[in-house]
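These numbers come from the heavy atoms of this one structure, side chains and all, not from hydrogens, waters or symmetry mates.
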Amino acid sequence: MSDGTHASHGTHGTHGSPNGYGSCFDTLGAQYIDGEWRAGTGSWDIVDFNPYDGEKLASITVAGVDEIDQAYRAAERAQPAWAAVNPYRRRLVFERALRVIDDNEAELTAAITAECGGTAVKAAFELHLVREFLREAIQLALRAEGRILPAPDDTRENRLYRVPVGVVGVISPFNFPFLLSIKSVAPALALGNAVVLKPHQNTPICGGGLVAKLFEDAGLPGGVLNVVVTDIAEIGDALIEHPVPKVISFTGSDKVGRHVATVAAAHFKRTILELGGNSALIVLDDADVDYAVDAAVFSRFIHQGQVCMAANRVLVDRSVEREFTEKFVAKVRTLKVGDPGDPATHIGPLINSGQAEAITSLVDQTVADGATALVHGRTDGTLVGPSVLTGLPEDSPILAQEIFGPVALIIPFDGEEEAVRLANATPYGLSGAVHTGDVERGVRIARRIETGMIHVNDATVHDEAIVPFGGEKHSGVGRLNGDSMVEAFTTTKWISIQHGRSKFPF
């Protein structure tokens, strides 16, 4: 097609063209570089397992340093032509991607369940947000606006252009891999950049192969998006240090984020870091307790608690502590733990056995240190039942960390001042919530919480494509979504024009 996009791709590597989304684990377990599906040449294989039943889903030979270079060089070659495509035509790719998702929703849901252990609620939530971010990408393609600024000389003109940064490196996590890859990839592409994406090794298909397949089927030209499945054990910091990418967008833990930021800064690269959280959901004395219970249970246990915005800590005014706790515990006891493929399941498996063991150990140690377990979940392989802990000493280590599992902490407080102090007593600052019968009271408290996002009378887990998303403190640097995407994935270029003649001092 003359607009620089095409409806289908005609050139593929040794793996051939994947036939469909229903067989994605058989067909998409490969590298995707310069429009070709190919085997990696690294020294070992990533084995992709179903976290619920341990079934082997795929085996992928990792990409080596040479393939990282090939991916970035392909992106570098393809990017100028892609940026030159009229943005009205560029956005057609995202319109087609939406239709591809609609046509393959059942298969995509099955993939999220199989690889991520996502329940029906989680899969639906993830696909809904993917659609929202693709719709926003359609609009973003037209949003890189320039400006004309005054000049001190009447015959001179100052123009500011918004231009793509060039090539963006994206590193996505395992918990919402399809969404959190698309969240950076789609806007970067919409704004005229090329992308190299590295998914998490636990979710190489949902976070990588499916993204490549989606955009290939939507007509994105070869080389504009490349996917490399690999690990730092094979490539070291090659993905970040490579000279081609100008921006690195990373979503994951604050520990790894710190390393990414350090390496990127040493190579003069911009970073967008969406990191962990330790969010507080505050229940004030005038809150609707039943509603607050529903919001808190969802905020803590959606996707087994493997959500950066999850309500780690539930802070409850002592005047309603007993009522809230009794109702919260009763609701938690109704949550069904088991097969994520069962529509009745609320809590599926954690991503791997190591994570399940870590969460189990954390709960056991916290109870041994004096906390009371109102609910003490049983662990069976990767299935970890929900736990509800209270009576924690204020210096308990669990209060200061992100808990990436189904564990809720109930903490009483006396009055607003203590609620604010406890909510801020963490190195993180991603999300939060305040429940109250007085909305403006809730807003006053929300403004005092050191967090990038906070919600009055709602859950802590929210993401909207047009609203800036990001954290404070150890929860990240920069913002995504909406106009923040333009800031993240473009740069400003100043061009001045002298319509007359300048006078020079020599």
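- Annotation: His462 is not in aromatic contact with Phe469 [ring centroid separation under 6.0 Å not met].
- Of the charged side-chain nitrogens involved, at least one lies within less than 4.0 Å of a carboxylate oxygen, so that Glu472 and Arg479 count as a salt-bridged pair.
- A salt bridge links Lys122 to Glu126: one of the charged nitrogens lies within less than 4.0 Å of a carboxylate oxygen.
- A side-chain N or O of Asp69 and one of His242 form a donor-acceptor pair less than 3.5 Å apart.
- The neighbour count for Arg378 CZ, taken as heavy atoms of other residues, nucleotides or ligands under 6.0 Å away, does not exceed 12.
- Ion pairing between Glu487 and Arg162 holds under the 4.0 Å rule for side-chain N and carboxylate O.
- Figure legend: cation-pi geometry between Lys331 and Phe298 absent, as NZ or CZ is not positioned both under 6.0 Å from the six-membered ring centre and within 45° of its axis.
- Here the rule is side-chain contact (heavy atoms from CB on, under 4.5 Å) with Arg300, and of Asn312, Val332, Val461, Thr460 only Asn312 fits it.
- The aromatic ring centroids of Phe301 and His346 lie 6.0 Å or more from each other.
- A salt bridge links Glu136 and Arg143; the closest N-O separation between the charged side-chain nitrogens and carboxylate oxygens is under 4.0 Å.
- Classified by interplanar angle (parallel below 30°, tilted 30° to 60°, perpendicular above 60°), the ring pair His200/Phe174 is perpendicular.
- By the side-chain contact (heavy atoms from CB on, under 4.5 Å) test, Val121 pairs with Thr119, Ile302, sequence neighbours left out.
- More than 12 non-hydrogen atoms from other residues, nucleotides or ligands lie less than 6.0 angstrom from CG of Leu160.
- Between Lys473 and Glu450 there is a salt bridge, with a side-chain nitrogen of the basic residue lying less than 4.0 Å from a carboxylate oxygen of the acidic one.
- Under 3.5 Å, the side chains of His474 and Asn278 contain no donor-acceptor pair of N or O atoms.
- Between Glu416 and Arg421, none of the side-chain N atoms (NZ, or NE/NH1/NH2) sits under 4.0 Å from a carboxylate O, so this pair counts as no salt bridge.
- Residue Val229 forms a side-chain contact (heavy atoms from CB on, under 4.5 Å) with just one option from Leu197, Ile205, Ile46, Val62, and that option is Ile46.
- Note on Lys183 versus Glu274: no salt bridge recorded, every NZ/NE/NH1/NH2 to OD/OE distance being 4.0 Å or above.
- Ion pairing between Arg444 and Glu440 fails under the 4.0 Å rule for side-chain N and carboxylate O.
- With respect to Arg318 and Asp285, no salt bridge is recorded, no charged nitrogen being found less than 4.0 Å from a carboxylate O.
- Look at Lys198 and Asp231 and you find no salt bridge, because none of the NZ, NE, NH1 or NH2 atoms lies under 4.0 Å from a carboxylate O.
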